[in-house]
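Accompanying notes for the structure given below.
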Number of protein chains: 2
Amino acid sequence: MPHRSAYEPTADRRTQRRLALDRVVTPEMQRVAEREHLTGEQVRAEVARGRMVIPANHHHAALDPMGIGLRAGVKVNANIGSSPTTSSPAGEVEKLTVAEKWGADTVMDLSTGKDLDETRTAIIEASTVPIGTVPIYQALEQVKQPEDLDIGRLLEVIEVQARQGVDYMTIHAGVRLEHLPLCQHRVTGIVSRGGGLLARWMVHHKAENPLYEHFDAVLDICREHDVTISLGDGLRPGSIADASDAAQFAELDTLGELVQRCWDADVQAMVEGPGHIPLDQLEMNVRRQQQVCQEAPFYTLGPLVTDIAPGYDHITSAIGAAIVGWHGTSMLCYVTPKEHLGLPDAEDVKEGLIAYRIAAHAADLARGGASGRRAARWDRKLSEARFAFDWNAQFDAALDPATARAMHDETLPNDHFKSAEFCSMCGPKYCPMHNFRDVDWTQLADVVAERKRGRQAT
Amino acid sequence: MPHRSAYEPTADRRTQRRLALDRVVTPEMQRVAEREHLTGEQVRAEVARGRMVIPANHHHAALDPMGIGLRAGVKVNANIGSSPTTSSPAGEVEKLTVAEKWGADTVMDLSTGKDLDETRTAIIEASTVPIGTVPIYQALEQVKQPEDLDIGRLLEVIEVQARQGVDYMTIHAGVRLEHLPLCQHRVTGIVSRGGGLLARWMVHHKAENPLYEHFDAVLDICREHDVTISLGDGLRPGSIADASDAAQFAELDTLGELVQRCWDADVQAMVEGPGHIPLDQLEMNVRRQQQVCQEAPFYTLGPLVTDIAPGYDHITSAIGAAIVGWHGTSMLCYVTPKEHLGLPDAEDVKEGLIAYRIAAHAADLARGGASGRRAARWDRKLSEARFAFDWNAQFDAALDPATARAMHDETLPNDHFKSAEFCSMCGPKYCPMHNFRDVDWTQLADVVAERKRGRQAT
């Protein structure tokens, strides 16, 4: 069993949102307050306002509650999950462990294929972080083709997963039939799995999105178990050419309506976002989501700021993620180097998380507030160790201590050099920090003053 | 010998700046115009205005001229160079080849140690891109300690390197004695090699920076051979805590004065910049440089947006580089994963360049203009291939085709799957692009219209 924080979960079966509206500061809110350096009342007010969610399913016993929202630090989600060909509960629990180790704040289990319930149960039991899912995947496993899906099956899967303890679920209720013609001439059409499945279903049946039509039934289940709804962006742009287009924003308007419906039903809600967006449209995308969705937490995939670098999309997207995080995105869904190419393995999970911890940290620094001050202390600690040539302290403070140490040591011949007051980049003679320390600061002020007097005299 | 473009270098020994002011469109300007999709007259006007430089030493025979400036695409520089322990001209030419292969627009030879002239000559002979140096390094090799340097030796080295064909030189003339007290209480003091050496020299000798005092002599040499001066930022911040401080901006003011002195002497000039800067101060830093330095090209090292990730500083800095590129930085000096830890090897050179090609490309996309349109066509080409499941075309369009192909293929069992209309990330049943293509678009418009009519009737 994972480490469990000191907090005792509330026995009250109302949702965190309802309790917040009823002015109750729950143990979950108190725990989030502690982690975010806020007061319990501040957290309660944010949850009541819908500007923060605490995904905390009543049945997720191992959970250490965390908050996602504008007043909290920027969070990172890691996607894991088996595929039809590679699938074992133990393998996915292993990826969960890697994800938690490298700082994932939440983990989505996107498994497809066999043993889905068993895998999910194993992950939830092992996880101290909230677990998210996309229930339509499991529903699709039970039928031959997307056209065979129906709302009864979708609701059944949602209920099963809710009872298992899933903390938040992506529900693609915002993809509507009338939006689809807006996608037809896109460069990359639809790139969301759920969006693609529902589009195919709607056109085949000449009918509206069943998750939109029956959204109240979805809300009833989520309210009962306090599942946070993550409103999926089935029409997110999948290329720079499609960024910020009519389809994307038509769906966003529907997501804005659905946020209000979640809130009216006492269900917590966040909103998923793009995708592929060029640098100059990032801030606008965050502002528009905040306006349309009344500041419900924004949860973006990247965004990637260019399409040209498959194999390096953890970098193309960390750039976008840092910027949208700074402008107010509350959670960043990581992208691994394998994005667009294949299913990530444990090493990809690590690479993706490192890039996204960097992005989230940089965003916290720029946002300021309690999280920003905490972030700045970390930067200062590392830089003070660097300037003191305390290599061990510098590596300890690094995001990935082992990698930093290995890179430093590999270029130096022996232990004497490995602890020296320089590194192989400059050597002792050129090391600027070394030269700086050799300056006689005590006489510098006098020298400068003397020269100034000299100049004034002439 | 490297590939040489069709252009024939001008025989006129005036500098590109003087010729531009004399309204001559040189073959070098014409070649830059061709590469940037501008007219020769547009390039001439930018060079005359000082907003673009064409580093093109009269003695660099293999050079294919390129331009650095606001109206050109964002450029990337790669630093290579031997250290006192690992030094061979052949090894550095190898790194140059790697740098050119992965898209370096200029290369700086930062060699220290032995055989400096031999290494530099080999690099210049082999290089089609401009070569930059920091002459104070070679001067330091000739003395025992920094205090032994003198202006005679510095000018001698500058002249030797100018005659060898160095296209641009970093001259740390902006670090002034009176700025030094502003650094004393910084978290990381001085982190520029040249800045650290000169600080030590100035305090020891109680004298002003010799490169500042004798800047006219430096200009005389640079004018004779058309060496572009890259005004070094010896006091750049080396940590987030020191970003945008008084020392940095005091030096920037001096760099602004020196830009004008370069221009008055017909010498081309660009200005080096930070360093470590948090996200929210990046745009301000670019605007301030543009104002103080009259839009002389800005050439930044990163900047890194956090200090906490040694081992991953190609990522922390690519984030900052993309943003400052978008706001108007003209050249981005790459940072490799080894930054702060050790001397980069050929693999680090590649990793650094990939991250910076991504940053420069994302900046071009956001800046628009001729370079932005060209960049957007590349993104579209890759995404069209992706949507068509033309894997070979997608890999061919990728920044690093071999890596993209390897990541795709490694997770698929055989050739049949490797060319299939899906990948191992989703498989065929979930592939959104696959499902999108199966939609019957011809009847969609009718379905939507019918439903709208139905809604209006009720």
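By convention in this document, chain letters (A, B, ...) are assigned in the order of the sequence lines, proteins followed by strands, and residues within each chain are numbered from 1. This structure is a prediction, so every number in the text was calculated from the model and none was measured.
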So for [X], is it side chain, backbone, both, or neither that comes closer than 4.5 Å to the heavy atoms of chain B?
X: Arg386(A); result: side chain
X: Val134(A); result: neither
X: Pro337(A); result: both
X: Ala398(A); result: both
X: Gln443(A); result: side chain
X: Thr188(A); result: both

Gap separating the [atom1] atom of [X] from the [atom2] atom of [Y], nearest 0.5 angstrom:
X: Cys423(A); Y: His340(B); atom1: SG; atom2: NE2; result: 9.0 Å
X: Cys183(B); Y: Phe436(A); atom1: SG; atom2: CZ; result: 6.0 Å
X: Ile240(A); Y: Asp379(B); atom1: CD1; atom2: CG; result: 5.5 Å
X: Lys381(A); Y: Ser239(B); atom1: NZ; atom2: OG; result: 16.0 Å
X: Gln394(A); Y: Ile308(B); atom1: CD; atom2: CD1; result: 12.5 Å
X: Ile315(A); Y: Ile358(B); atom1: CD1; atom2: CD1; result: 5.0 Å

Please check if the side chain of Ser424(A) supplies one atom and the backbone of Leu343(B) the other of a donor-acceptor pair under 3.5 Å. yes
State whether the side chain of Lys429(B) and the backbone N or O of Leu140(A) hold a donor-acceptor pair below 3.5 Å, judged by distance alone. yes
Around Arg380(A), counting heavy atoms of other residues, nucleotides and ligands shown, do more than 12 lie under 6.0 Å from its CZ? no
Minimal non-hydrogen separation, Leu197(A) against Tyr430(B), with atom names: CD1-CD2, 4.4 Å
Side chain, backbone, both or neither of Ile354(B) within contact of chain A (heavy atoms, under 4.5 Å): side chain
